[in-house]
Amino acid sequence: MNSHGACIEVRNYLRKSFGSAIAQDAFRGFTSSQKFIPSKYFYDAQGSQLFDEICCLPEYYPTRTEMSILRHAAPKIMRSFPRGDIVELGSGANRKIRLFLDAAGKERLSSYRYVPVDVSESALREASEELKQLYADLKVVGIIADFTLHMDRIPCDNARLILFLGSTIGNFDETMQRDFLRSVARNMNGDDRFLVGFDMVKPRETLEAAYNDAQGVTSQFNKNMLHVLNRELNANFQLSQFEHVAFYNTEKERVEMHLRAKTETVVTIDDLDLEVTLDKGETIHTENSCKFSRSRVERMVAEAGLVIREWYFDPKGWFSLVKLGV
Ligand code: SAH
Ligand code: AVI
């Protein structure tokens, strides 16, 4: 129950599997020649909080740009979706859903059920509580799950508007992007709609500034990964031994984030029975953030069997939202 006495249903599909998933992923990542850890592990309570701060930074243009597009697009999107489930994949702080709910109008709220899906239990619970306080008539069913593994757990008994915003799709590699779009397409009925946010290719300076902010919040967000590994796997990473690195890889059209060892460093990961040596300057690759061109999006969605119904851009063409159907 929240403080207004309204019930929020939360279903947790991660409780049993999270520990073994991070152990397997970390073992694979730390025994590879380029060490890596999947970016989904950024989002513990602290990581989610730091991401929320990133969204308000002057250099981080994606959030405000996407929101400016949504302010124009949401009324039309909601008019063509009069009732059903609004499923949001990677819902985070639930900032953007408010634009859809406000566009629908108070009197229509009881026609919808909001289904936020996120790996971050704390973010999902806090954001759902907050939303319920603002929109008391809205039904909310929160799903704590990994959308790369648990798409079949997401309710599909009503018409659905599926939101995948913020260019979170860009945090997948190319194969995963295609496979993920295919898996959503396979799950969609004829009337379902899928709205995906894509961050577009733009000048390097703008991209690199967005991931190297002057206040160092992105650096804290990146280093928080080491806290997560220390806590979840009994590791002994020293945060002060690592520095944040983010750069645009022009050939691969993606911003890469890494953590670079300042000196040769030996780390023990007790739960994996693993000792990891990082040479001075060696990096752990923590995130890719792909940037898209129109042609790449068109090719990818067609390969997934999806059809573009609407395409929305901001005036500079920095970000786009694509409404897809099957
Ligand atoms: N959609 C919001 C938040 C983007 S941040 C926005 O546009 O601002 C990415 C969100 O996706 C985080 O809340 C993170 O916890 C969640 N996330 C990342 N990988 C995930 C996964 N594999 N399964 C479910 N949620 C995931
Ligand atoms: C969630 N995701 C789309 C963000 C991005 O821009 O790739 C995560 C992020 N990483 C650093 N800053 C923001």
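Start at 1 and go down the list; that is how both ligands and their atoms are numbered. Since the model is a prediction, treat every value here as computed from it, not as a measurement.
Counting protein heavy atoms only, atom 9 (C) of ligand 1 is closest to Thr168 OG1, 3.7 Å. The protein heavy-atom contact nearest to atom 6 (C) of ligand 1 is Lys96 NZ, 3.2 Å. Distance from atom 13 (O) of ligand 1 to its nearest protein heavy atom, with residue and atom name: Asp118 OD2, 2.7 Å. Among protein heavy atoms, atom 20 (C) of ligand 1 sits closest to Phe147 CZ, 3.4 Å.
Taking the six-membered ring where the residue is Trp, Tyr211 and Tyr60 present perpendicular rings, their angle passing 60° and hence far from 30°. Ring orientation note: the planes of Tyr13 and His150 are tilted relative to one another, at an angle of 30° to 60°. Using a 30° and 60° split on the angle between ring planes, Phe172 and Phe147 fall in the perpendicular class, above 60°.
Using a 3.5 Å distance cut-off with no hydrogens or angles, the side chains of Tyr61 and Thr206 do not pair a donor with an acceptor. In this model, no donor atom of one side chain and acceptor atom of the other lie less than 3.5 Å apart for Asp118 and Ser120. Checking Ser80 against Lys323 by side-chain atom types alone, a donor-acceptor pair falls below 3.5 Å. Of the N and O atoms on the side chains of Thr283 and Gln34, at least one donor lies less than 3.5 Å from an acceptor on the other residue. Side-chain contact of Thr63 with Arg95: a donor-acceptor pair under 3.5 Å is absent, judged by distance alone.
Taking only nitrogen or oxygen atoms, main chain and side chain alike, Val119 reaches within less than 3.5 Å of ligand 1. In terms of polar-atom proximity, Phe51 is not counted as a contact of ligand 1, lacking any N or O under 3.5 Å from an N or O of the ligand. At least one N or O atom of Asp146 sits closer than 3.5 Å to an N or O atom of ligand 1. Residue contacts with ligand 1: Lys40 is placed with no nitrogen or oxygen under 3.5 Å of a nitrogen or oxygen of the ligand (distance criterion only).
Sorted by chain then number, the residues whose non-hydrogen atoms approach ligand 2 to under 4.0 Å are Tyr43, Phe51, Ile54, Tyr60, Gly166, Ser167, Thr168, Asn171, Tyr211, Thr218, Phe221, Met257, Glu287, Ser289.
Counting heavy atoms from C-beta on, the side chains of Val117 and Val87 come closer than 4.5 Å.
Each of the following atoms of ligand 1 lies closer than 4.0 Å to a heavy atom of Gly92: 13 (O). The contact set between ligand 1 and Ala145, taken as ligand atoms under 4.0 Å from a residue heavy atom, comprises 23 (N), 24 (C). In the vicinity of Ser120, heavy-atom distances shorter than 4.0 Å reach the ligand 1 atoms 15 (O).
Residues Phe319 and Phe313 keep their aromatic ring centres 6.0 Å or farther apart. Between Tyr41 and Phe36, the distance from one ring center to the other does not fall under 6.0 angstrom.
Checking Ser48, Gly166, Gly47, Gly90 against atom 1 (N) of ligand 1, the nearest heavy atom belongs to Gly90.
Under the 3.5 Å distance criterion, the side-chain polar atoms of Asn222 are matched with a main-chain donor or acceptor of His258.
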